[in-house]
2 protein chains.
Amino acid sequence: MRTPLDPDMFDPVCPSGLSPIRIGDKWAGMIVRCLEHGPRRFSELRVPLRGVTAKALTKSLRTLERDGLVHRASHPGPGRRVEYALTPLGHSLLAPMAAACAWAQEHWEELLDAREASPHG
Amino acid sequence: MRTPLDPDMFDPVCPSGLSPIRIGDKWAGMIVRCLEHGPRRFSELRVPLRGVTAKALTKSLRTLERDGLVHRASHPGPGRRVEYALTPLGHSLLAPMAAACAWAQEHWEELLDAREASPHG
DNA sequence: CCGTATCCTCGCCGATACTG
DNA sequence: CAGTATCGGCGAGGATACGG
């Protein structure tokens with residue numbers, strides 16, 4: 001079996017919503033990172049993306065699929081299984097995303113400080 | 001005098017709205033790039049950001065200011081002048097943004113192809 | 001010149017219930 | 001398990017008018 005996704009991988013210790021850098025919609029960036037090391041099932045993705053509704057996850061995945069970043073494979077039968085995986089194009093997104101994540105990790109404290117010092121906190 | 005901003009610098013030949021990578025809100029990324037080589041006045045920014053309303057530009061600038069990415073300097077007097085400039089923190093954003101732009105320029109045709117090939121166009 | 005003040009529309013996204 | 005259907009709140013952002 002493959003390694004399960006860490007349920008806390010998006011625990012907002014460093015709140016990623018703080019970073020000005022965003023990938024696609026609210027969930028797209030996190031989805032791509034979940035798929036970094038191989039395909040994942042719909043229900044697997046829901047674990048680390050705490051609070052995502054089926055509707056929102058579906059919509060995000062459909063957009064990623066439409067743009068050729070993610071591939072959807074449906075294996076029918078009882079106990080149906082659907083797997084999502086990065087395409088080569090989707091995989092190529094990981095490099096700029098790494099740069100974005102590195103920036104956020106280096107600077108999110110400065111961002112927080114600036115916000116608190118600001119009159120509009 | 002400093003070089004004026006190219007009015008066509010965001011002419012959507014390669015539609016940047018296509019890229020899944022975004023900086024802040026709709027205008028923030030373009031603003032940062034406009035400020036890359038030095039301070040700019042409010043009205044200067046409106047030229048390349050065609051179609052931006054004063055309200056939208058103000059809001060975007062206020063957010064960038066609150067987050068410590070942009071500094072606002074108001075020089076009073078008749079024929080009032082307000083200039084916006086990147087802070088060091090804002091300047092540090094240019095590196096990950098360059099990675100994002102490079103990705104978009106390399107892959108936007110693949111994105112378009114994928115969209116057109118998709119049932120949901 | 002540099003904004004603010006209103007009004008309006010549109011689409012994201014959560015909540016909830018339901019289906020093959 | 002992997003979605004779809006429906007409702008509704010909320011905020012982004014454009015249009016327009018006005019103010020210091």
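In this text the structure is predicted, and so the values were computed from the model without any measurement. Note on naming: letters A, B, ... go to the chains in the order of the sequence lines (proteins, then strands), and numbering restarts at 1 for each one.
- Counting to the nearest Å, the C1' atom of D/dG14 and the CG atom of B/L49 are 15 Å from each other.
- One atom, CZ of A/R62, and another, P of C/dC12, lie 15 Å apart when rounded to the nearest Å.
- Side-chain contact between A/L57 and A/F42 is present, with heavy atoms from C-beta onward closer than 4.5 Å.
- For A/A56, whose side chain is taken as the heavy atoms from C-beta onward, the closest listed nucleotide among C/dG14, D/dG3, C/dG3 is C/dG14.
- A heavy-atom distance below 4.5 Å is not found between the side chains of A/R33 and A/P48.
- We find the CG-NE2 distance between A/L93 and A/H91 to be 10.5 Å, quoted to the nearest 0.5 Å.
- For the pair A/S43 and D/dA2, the criterion of a side-chain N or O lying under 4.0 Å from OP1 or OP2 is met.
- Across all their heavy atoms, A/R41 and A/R80 have their closest contact at NH2-O, 3.3 Å.
- If you take CZ on B/R22 and CG on A/D25, they are separated by 11.5 Å, rounding to the nearest 0.5 Å.
- Rounded to the nearest 0.5 angstrom, A/R40 CZ and A/I31 CD1 are separated by 13.5 Å.
- Computed from coordinates, the B/K59 NZ to D/dA12 C1' distance equals 5 Å when rounded to whole Å.
- Taking atom NZ on B/K26 and atom P on C/dG11, their separation rounds to 13 Å, with Å as the unit.
- We find that CZ of B/R46 is positioned 9 Å from C1' of C/dG3, with the value rounded to whole Å.
- Cluster annotation: A/L35 is not connected to A/V47 through the hydrophobic network of ILVMFWY side chains, with a link wherever side-chain heavy atoms come within less than 4.5 Å.
- Contact annotation for A/R72: backbone-only contact, meaning every heavy-atom pair under 4.0 Å involves sugar-phosphate atoms and none involves a base.
- The CZ-P distance, from A/R41 to D/dG3, rounds to 10 Å in whole Å.
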Letter per nucleotide, 5' to 3', of nucleotides 15-20 of chain C [B base touched, S only sugar-phosphate touched, - untouched; heavy atoms, 4.0 Å] | B----B
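- Judged purely by distance below 3.5 Å, without hydrogens or angles, the side chains of A/W108 and A/S19 never pair a donor atom with an acceptor atom.
- Comparing the helix axis at one end of the helix from C/dC1-D/dG20 to C/dG20-D/dC1 with that at the other, each defined from 5 consecutive pairs, gives an inter-axis angle of 50° (nearest 10°).
- Protein atom CZ of B/R50 is 15 Å distant from nucleotide atom P of D/dG14, rounded to whole Å.
- Nucleotide D/dG13 holds its C1' atom 9 Å from the CG atom of B/D25, rounded to whole Å.
- B/R46 places a side-chain N or O within 3.5 Å of a backbone atom of B/V52 that can act as its donor or acceptor partner.
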